[in-house]
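Accompanying notes for the structure given below.
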Amino acid sequence: VQLQASGGGLVQAGESLRLSCAASGRIFSSGAVGWFRQAPGREREFVAAIRWGARTTVYANSVKGRFTITRDSGESTVPLQMNSLKPDDTALYFCAAWGGGYSVGASPKYWGQGTLVTVSS
């Protein structure tokens, strides 16, 4: 599985940004694709994931209600819509995939490159 993340940029607090993850290769219906982020000086943290077959979603508490992860119909693209952005959302955002057998808290098997999101106050 290969993952290509895009869409990062510089925005002001309160604004929105849309990231996109293009996935190629085989992802089983029991798998998932999601996003992680890593801020300077902090550990990488989970942001959101969508189960590939069922299209149900999981979010970190810090982004719940502000971020929305989806899977484009007919395509292997996973957008992350980020609204009401805060300076604390500033981080390098990574696309990741669990090839099969996803469960909450499980580590992804595949990683894409990061895309930088900067939110100014």
Side-chain angles (χ1 to χ4, degrees):
V1 175
Q2 293 186 325
L3 305 164
Q4 182 73 34
S6 61
L10 171 64
V11 297
Q12 294 189 331
E15 294 185 340
S16 299
L17 201 60
R18 184 178 176 92
L19 306 182
S20 184
C21 175
S24 60
R26 181 67 183 272
I27 299 174
F28 293 96
S29 60
S30 61
V33 174
W35 293 89
F36 286 71
R37 66 185 181 185
Q38 187 167 18
R42 300 179 65 176
E43 293 186 354
R44 189 175 298 186
E45 63 176 2
F46 171 79
V47 175
I50 184 165
R51 294 179 176 88
W52 207 238
R55 300 186 185 226
T56 54
T57 56
V58 182
Y59 294 96
N61 287 335
S62 58
V63 306
K64 200 172 294 184
R66 299 188 299 123
F67 290 12
T68 303
I69 187 170
T70 54
R71 178 187 166 191
D72 286 351
S73 296
E75 298 182 9
S76 297
T77 302
V78 177
L80 180 69
Q81 179 66 40
M82 305 185 296
N83 298 330
S84 303
L85 283 162
K86 306 174 183 179
D88 281 349
D89 295 317
T90 295
L92 194 59
Y93 282 70
F94 296 89
C95 183
W98 296 258
Y102 169 77
S103 60
V104 175
S107 295
K109 184 175 182 180
Y110 307 98
W111 292 92
Q113 89 293 355
T115 184
L116 183 62
V117 173
T118 304
V119 184
S120 63
S121 57

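Since the model is a prediction, treat every value here as computed from it, not as a measurement.
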TODO: Report the distance from atom CZ of Arg37 to atom CD of Glu45, rounding to the nearest 0.5 Å.
DONE: 4.5 Å
TODO: Give a yes or no answer on whether the side chain of Thr90 reaches the backbone of Thr118 with a donor-acceptor pair at less than 3.5 Å.
DONE: no
TODO: For the pair Ser29 (side chain) and Gly53 (backbone), establish whether a donor and an acceptor sit closer than 3.5 Å, ignoring hydrogens and angles.
DONE: no
TODO: Give the ring-plane orientation class for Phe46 versus Trp98, where under 30° counts as parallel, over 60° as perpendicular and anything between as tilted.
DONE: perpendicular
Task: ILVMFWY network linking Tyr102 to Leu80, side-chain heavy atoms under 4.5 angstrom - done: no
Open item on the list: Is there a path of hydrophobic side-chain contacts, each under 4.5 Å between heavy atoms of I/L/V/M/F/W/Y residues, joining Phe36 to Tyr110?
Closed with: no
TODO: For the residue pair Tyr93 and Phe67, categorise the inter-ring angle as parallel (less than 30°), tilted (30 to 60°) or perpendicular (more than 60°).
DONE: tilted
Open item on the list: Does any part of the side chain of Thr56, heavy atoms only, come nearer than 4.5 Å to the side chain of Arg51, both counted from C-beta?
Closed with: yes
- [ ] Can you see which heavy atom on Pro87 is nearest to which on Ser121, and at what distance?
- [x] CG-CB, 3.9 Å
Task: Side-chain heavy-atom pair Arg66, Asp89 within 4.5 angstrom cut-off - done: yes
Task: Distance (rounded to the nearest 0.5 Å) between Arg71 CZ and Thr77 OG1 - done: 9.5 Å
TODO: Might you point out which heavy atoms bring Ser84 and Ser16 nearest each other, and give the distance in Å?
DONE: N-OG, 4.3 Å
Open item on the list: Between Phe94 and Val117, is there shared hydrophobic-cluster membership here, with clusters defined by ILVMFWY side-chain heavy atoms closer than 4.5 Å?
Closed with: no
Contacts under 3.5 angstrom, residues 18-28 side chains, donor-acceptor by atom type, not counting sequence neighbours:
from, atom 1, to, atom 2, distance (Å)
Arg18, NH1, Gln81, OE1, 3.4

- [ ] Taking the side chain as every heavy atom from C-beta outward, state whether Trp35 and Cys95 have any atom pair closer than 4.5 Å.
- [x] yes
Open item on the list: Checking the side chain of Tyr59 only, and the main-chain atoms of Ile69 only, is there a donor and an acceptor separated by less than 3.5 Å?
Closed with: yes
TODO: Of all the heavy-atom pairs spanning Gln38 and Arg42, show the shortest one and how long it is.
DONE: NE2-O, 3.1 Å
TODO: Check Ala97 against Val33 and note the closest heavy-atom contact, atom names and distance.
DONE: CB-CG2, 4.1 Å
Open item on the list: Give me the atom names and distance for the closest heavy-atom approach of Gly8 to Thr115.
Closed with: N-OG1, 3.0 Å
- [ ] For residues Pro79 and Thr70, determine if any side-chain heavy atom of one lies less than 4.5 Å from a side-chain heavy atom of the other.
- [x] yes
- [ ] Determine, using the 4.5 Å side-chain heavy-atom cutoff (strictly less than), whether Leu17 and Val63 are members of one ILVMFWY cluster.
- [x] yes
Task: Gln113 side-chain N/O to Gln4 backbone N/O, donor-acceptor pair under 3.5 Å - done: no
Open item on the list: Is there a continuous path of hydrophobic side-chain contacts, each under 4.5 Å between heavy atoms, that joins Ile50 to Trp111?
Closed with: no
